[in-house]
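Quick notes on the structure that follows.
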Amino acid sequence: MTISICIRTQGHRIASLTEVLMSISCQEEPADEIYICAHKCTDASFSELEELMLWCRTVLKIDPQLLRVNQGERGTPINASIDASNTSLIVIVDDDDLVLPNYTRLFSEAHGQNPSSILRMRVYGRYQNLSPVNQRFSVSNVFPIYSKRFQISQTMLQNQTPLIGFAFPLRPLKTSSLYFSEELKVLEDWDFILRCASILPVVEIEQHGCIYNLDRDRWLSNENKEIWEAARKQILANVNSESFRSKIETGDTGRIRAHKRVFQSKMAQILSSTYRFFLPQVRRVVPPGGVIYRMFLRLFQP
Amino acid sequence: MQFQMNRVSLLTVRFGESQASIEKLIKSFRYACRQAGIEPDIIIVDSTTPNDFPLTNDGTFNLINTQSNVQHSKGINIALRNSTSEFVLIANPDLIFDRHSVDILLSSISQKGVGLVEGRQVPFDHPKAFDELTGETSWGSGAFMFGRRSLISEIGGFDELNFPMYCNDVDLSWRIRARGLSIRYEPRAFAHHTKHLDSVHRVKQSCYESENILFSSLLLAYKWRSSRYIAMQSAFIRLLGSKKDKIQLSRFRQHTATLGIDRMCKPDSRSADFHFLNISKMRF
């Protein structure tokens, strides 16, 4: 028993959850356990999830377990699945993420060589756009996002990997009582990654195995800004604690300062209206089969 | 000839796909039909060389063995001739359907003026543009398309001679458009289509695939657009194309000279949506 997949959902996005389950069913190496953690679901959403479980039997080799959690914050349902898991590795997937066929295989192989390490793979980003009219849905092409290598000094300032890109060894988590914060309303993943990475080594997998969907309006939303800011301050306060200081190695202070400068300038760019306008305009320069189009570009582009 | 209206036929051509993959296709299709309250009918044309990965038929589907690789167009045409349903779902054998997909596709094809409906493929969809309001697009992908058997048969099915494998769906779609009907993209109906990415983060294509797509797109241009347009394309390839592109160009010239191809009497730029030099406008 190697790998458990925990999918967190609130039952609002059944279609995208179906997509996640489809992508899990096409794994080169199937997962041993699948938990669908329904968090604060309404009865109607929960019955839809139960119906989805029936469909899962037609495509998945194992029956996913549906866990219903009605209390706590975003970390609570994940903690429930950590407790329930009987495997040696756990991955946490959101109901709007997608995994590629090599996802579990890459983690299983790396886990075999590094049984007590956190595993980190590279993640693709992709913009999705849900048109208000007729629910027309379109996605952009994928592109690599965030840094290629995990650096704790960089992660102290900003989370550099979506949770889907990590696999956590369960035994060290359970013995060290490392669980997700059940108080944080947002950014619980950043907090958890930081706390785990301060104790356990992080091993890189130099391949992409999953897709993190980004909303086009993500940067424009001011909703819950205060909650995000409060959570960020709380995590940064934890970073300043003694346990993290001991983790900082020679040269890390300089690196943090450098990252901070880059991070601040990036934030300034994001906040400026020009950058906000251009950011979602992800354009594929070379469409598939566009040999002629490529030639055309070579001719007319400077 | 009357076809059964309360039935949907799944038409697919197998070429070495595993038993597990086919089982997922069949089970998910049957489930989606049950949700839509419609009878499923499954026709699999097996193009795999005999004794290589034989497919076990448990009696839930109609298996037609061709004993050789007949390629996509011919395979689907064989399946089409064996189907008795009015509605046909043409799909690749490595698809997994969402449970509501058949229901949504049925309601979409029932709309007035719609000739063909294309579903969304997960995780990598074709990047061609579509009208966000109506869902209208220039062509539907043969990996996941839904249509009426009567219409597809009437226009002669896929063109097996000129487009045995690639761009056959584009040609079929444009022939439907030439009849005044539209092609709809229906993203709410989705299916998973296993694909891998290459080192530059694009959907992986085999060498055979990329070469034949260029050849087929030249044939498409020859069939649907003016001689001037072809001359321009050829000039581009001669000027900037790679050695492989030039081989495909000479293959194209040989094909049109020896086999012949039915060109449109009048170049049809309204049905055939060449955008710049590509076969459709891209959304990204």
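So you know, we letter chains A, B, ... as the sequences are listed, proteins then strands, and number each from 1. What's counted below: heavy atoms across the whole structure, side chains too, no hydrogens, waters or symmetry copies.
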Please state whether the side chain, the backbone, both or neither of A/L54 comes within less than 4.5 Å of a heavy atom of chain B.
both
Could you tell me if B/S21 and B/S18 have a donor-acceptor pair between their side chains, going purely by distance under 3.5 Å?
no
Can you tell me which of A/L60, A/V99, A/L52 forms the most heavy-atom pairs within a distance under 4.5 Å of chain B?
A/L52
Which atoms of A/E28 approach chain B - backbone, side chain, both or neither, heavy atom under 4.5 Å:
side chain
Which atoms of B/A191 come close to chain A, meaning under 4.5 Å heavy atom to heavy atom: side chain ones, backbone ones, both, or neither?
backbone
Check ion pair A/D43-A/R68 (N to O, under 4.0 angstrom)
yes
So for B/F190, is it side chain, backbone, both, or neither that comes closer than 4.5 Å to the heavy atoms of chain A?
both
Has A/K61 got more than 12 heavy atoms of other residues, nucleotides or ligands less than 6.0 Å from its NZ?
no
Among B/Q35, B/H196, B/R99, who wins on heavy-atom pairs under 4.5 Å with chain A?
B/R99
Return the orientation label for the B/Y185 and B/F130 ring planes: parallel under 30°, perpendicular over 60°, tilted otherwise.
tilted
Side chains of B/N212 and B/R251, heavy atoms from C-beta outward: is any pair under 4.5 Å?
yes
Please state whether the rings of A/F168 and A/F166 are parallel, tilted or perpendicular, taking 30° and 60° as the class boundaries.
parallel
The interface call for A/E51 against chain B, heavy-atom contacts under 4.5 Å, is both
Looking only at heavy atoms, what is the nearest atom pair of A/L214 and A/G125, with distance?
CD1-CA, 4.5 Å
Contact origin within B/L197 toward chain A - heavy atom pairs under 4.5 Å
side chain
Could you look at B/F29 and say if it's the side chain, the backbone, both or neither that has a heavy atom under 4.5 Å from chain A?
neither
